[in-house]
Amino acid sequence: MVKGKIAGALREAVIEAQRQELLPSVALPDIVVERPQSTAHGDYACSSPLKLARIMGLNPLQIAERVAHLIAPLPEVEKVEVARPGFINFTLRRDWLAREVEAIRHAGRDYGGVDLGRGRRVQLEFVSVNPTGPLHVGHGRGAILGDTLANVLAASGYSVEREYYVNDAGGQIDAFYRSLYARCQQEAGRQEEIPQDGYRGDYVVELARQIMAEKGDALLVMPREEAVAEIGRIGLLRVMESIRADLELLGVNFDVWFSEKSLYDTGQYQQTMSLLRAGGHMGEKEGAVWFASSELGDDKDNVLVRSNGVPTYFASDVAYHYNKFVARQFDTVINIWGADHQGHVPRMKAVLRALDIDPARLQIIITQMVTLRRGGVELRISKRSGELVTLREVVDEVGADACRFVFLSRSTDSQMDFDLELAKKESAENPVYYVQYAHARIASILRMAAERNIDISRGDVSLLVTEPELGLIRRMIELPEVVEIVAANLEPHHLPHYALELATAFHGFYRDCRVISEDEALTAARLKLVDAARIVLARTLSLMGMTAPERM
RNA sequence: GUCCCUGUAGCUCAAUCGGACAGAGCAACUGCCUUCUAAGCAGUAGGUUCCGGGUUCGAGUCCCGGCGGGGACGCCA
């Protein structure tokens, strides 16, 4: 990547200046190269002289000039300029830019990839919603975020696994089973109350109706406990299947569906608890078993096993993470949690310390809440209250591509409003179509070229010299940089913004430059450019999990 | 009360570990389709970056203090 090469050359130049005693020998901070906002400042810029001024006790402009003189010539760089108050600006060679078109076409659908991960194994665990009901929009945000991040990490040289943790043990699922049982009884015309802590949504009634229609007779003659278990077993399968289907609608798929219950069945739960005990991290208080997390950075201790002998969700989570890091040996684990789980971060980190696992290997992304509205009215999305708008309804109304784009555009730490009415109304003017339209236009040009049997292969990219052409190429070669930023910071929201800029560059080019014309040589050269633009745009859309339409 | 996230154009959001003039998309206004897709392009208008201090060459960004919004503080998950 050019950006990296420039940073490297800069660093060498600074070191060389120090060796020649033009600059004092101080410890150097990272030399950062960035994209200036204004094209007047070239393609890349470095503000390190400004930062070094204080450490070195010199005028930043002087530092910039001394460094600039010592920068080794790069084949990509046309000129290096020093600008007040102490920037070093780089402008790329036009002929080099033009040749990148060939490089992009050569790389094909792999273009944009980087090797940040060097094959390291990373697991992304996301969604992991309790299988007690349908997904809502908030879950969609985590799903899209996780899936896109997985795409980008895979493109960044990581070996990625996507995992959904199925909470098929514990109190919540039990309450769901009992609620479902009660609805089944009611379906059969018997008196039965929904439990206090139960689920009251209509979907439970609907599910009960289905189950009773299929297996009612057998279930009604079973003893209560047995019937609850059997109804629960069927209900869990049904709910998980509908969750899987809803996610698939959004284009989100998982490699592994990991059962919480399996941690108990395979003894991994007991094994992990023994480790904690052996490490002296457990204590008993008021009849319950506690994890001494306050000794490891948390602000309080946490219960592992209740006084009634039932393990908490947290206890399973300890075993689960031991499984991730030790049994399955992931180098890095990324968990995507909703804002309502942020309080769990310190205790999970404490768990890793207790298990002698580097806490830095666990990265937890907290996504802020999504408020769903229809017009001005806020809609409740709680599963227990019953009244809810499901993710499926939203995807049906708005479309998967638009959903993904909208969710991805916001940074994870911002809470967001999702107004269904607005999303629908705007759908014709949605930025998502702006981007996809660029792809459709490209496809249209390439179709026309194919119909006329134009031979692209003879195209000479050195004919690409005008600003709209070069501007488009400048945007295209930015993709690897964006991929790297997204992967390094786990911030997918840069992707849609980049997509918009790339589309803008293309639309501008389209207006200014007729592609298929009487000039055969120029036509072939521009077709190569258009083809490269298609590759970059399609890759960008594909990283976001969106379709790249041939026609619109 | 303590902790976490957040406050940027009328609306929804960006702003590259503190960088050059705070940018897009909708909405508003003015133009542009006999030529590869007008779901497009060009232009206009729109800002005390919640408020007040501080740090420095430089602050939307960092620190302190307020105010507003959301979330978490459970032997629920």
Side-chain angles (χ1 to χ4, degrees), chain A residues 30 32-38 40-41 45 47 50-51 53-54 59-60 83-87 89 128-130 132 167 170-173 175 197 285-290 299-300 302-308 310-314 316-317 338-346 366-369 371 406 409-419 422-423 425-438 440-449 452 481-482 485 488-489 491 493-494 496-497 500-501 503-504 507-508 510-517 523 526-527 530 551-552:
Chain A
D30 279 349
V32 179
V33 173
E34 53 197 9
R35 289 264 186 175
Q37 286 179 29
S38 162
H41 300 126
S47 62
L50 289 157
K51 295 179 173 67
R54 198 170 317 160
N59 178 320
R84 292 192 339 151
F87 291 97
N89 296 332
S128 300
V129 176
N130 280 346
T132 54
N167 298 118
Q172 298 278 338
I173 194 74
D197 57 348
K285 199 166 53 186
E286 294 154 12
V289 180
W290 294 72
D299 51 8
K300 60 180 172 56
N302 292 279
V303 171
L304 289 164
V305 185
R306 301 178 182 89
S307 46
N308 66 6
V310 178
T312 60
Y313 164 87
F314 174 55
S316 321
D317 233 19
D340 53 340
H341 283 66
Q342 38 123 318
H344 300 199
V345 176
I366 300 295
T367 68
Q368 293 300 317
M369 298 264 149
T371 350
V406 169
S409 303
R410 275 76 166 162
S411 89
T412 59
D413 357 272
S414 303
Q415 41 190 106
M416 55 177 290
D417 282 356
F418 197 103
D419 187 334
L422 203 65
K425 198 194 317 177
E426 274 190 357
S427 61
E429 304 293 329
N430 210 301
V432 63
Y433 298 113
Y434 179 85
V435 175
Q436 290 183 320
Y437 184 62
R441 266 186 160 174
I442 290 172
S444 171
I445 296 172
L446 294 176
R447 265 199 306 275
M448 167 85 57
R452 298 191 185 176
E481 296 168 21
V482 174
I485 288 169
N489 303 325
E491 289 177 347
H493 72 270
H494 298 295
H497 288 96
L500 235 31
E501 284 174 348
T504 300
H507 288 309
Y510 181 88
R511 177 205 59 211
D512 292 333
C513 302
R514 175 86 201 171
V515 177
I516 299 173
S517 68
T523 295
R526 285 185 171 165
L527 280 172
V530 168
R551 294 172 209 272
M552 282 174 74

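The chains referred to below are lettered A, B, ... by the order of the sequence lines, with proteins before strands, and numbering in each begins at 1.
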Between N or O atoms, less than 3.5 Å apart, protein on one side and nucleotides 44-47 of chain B on the other: list the pairs.
none

Point to revise | Distance, C1' atom - from rU16(B) to rG23(B), rounded to whole angstrom | key: 13 Å

Review point. If the C1' atom of rA24(B) is compared with that of rU34(B), how far apart are they to the nearest Å?
Key: 34 Å

Review point. Between the base of rC75(B) and the side chain of Ser307(A), is there a donor-acceptor distance below 3.5 Å?
Key: yes

All N/O contacts under 3.5 Å from nucleotides 54-58 of chain B to the protein, with atom names and distances to one decimal?
unit_1: rC57(B); atom_1: N4; unit_2: Leu50(A); atom_2: O; d: 3.3

**Study point:** Rounded distance in Å between the P positions of rG68(B) and rG31(B)
**Key:** 47 Å

Review point. Is any side-chain nitrogen or oxygen of Tyr510(A) closer than 4.0 Å to OP1 or OP2 of rA38(B)?
Key: yes

Practice item. In whole angstrom, give me the gap between the C1' atoms of rC13(B) and rU49(B). Key: 14 Å

Check your understanding: Which whole number of Å gives the distance between the P atom of rC64(B) and that of rC26(B)?
Key -> 40 Å

Practice item. Applying side-chain contact (heavy atoms from CB on, under 4.5 Å), name anything that partners Val345(A), two or more places apart in sequence or on another chain. Key: Trp337(A), Lys349(A), Ile364(A), Ile366(A)

Review point. If we take the P atom in both rA14(B) and rA9(B), what is their distance in whole Å?
Key: 13 Å

Review point. Base, sugar-phosphate, or nothing for Asn89(A), non-hydrogen atoms under 4.0 angstrom?
Key: base

Study note, to complete from the structure: In whole angstroms, the gap separating P of rC26(B) from CG of Asp417(A) amounts to 20 Å

Point to revise | Rounded distance in Å between the C1' positions of rC50(B) and rU6(B) | key: 12 Å

Point to revise | Side-chain N,O (Arg441(A)) to OP1/OP2 (rG40(B)) below 4.0 Å | key: no

Point to revise | rC57(B) versus rG10(B) - spacing of their C1' atoms, nearest Å | key: 37 Å

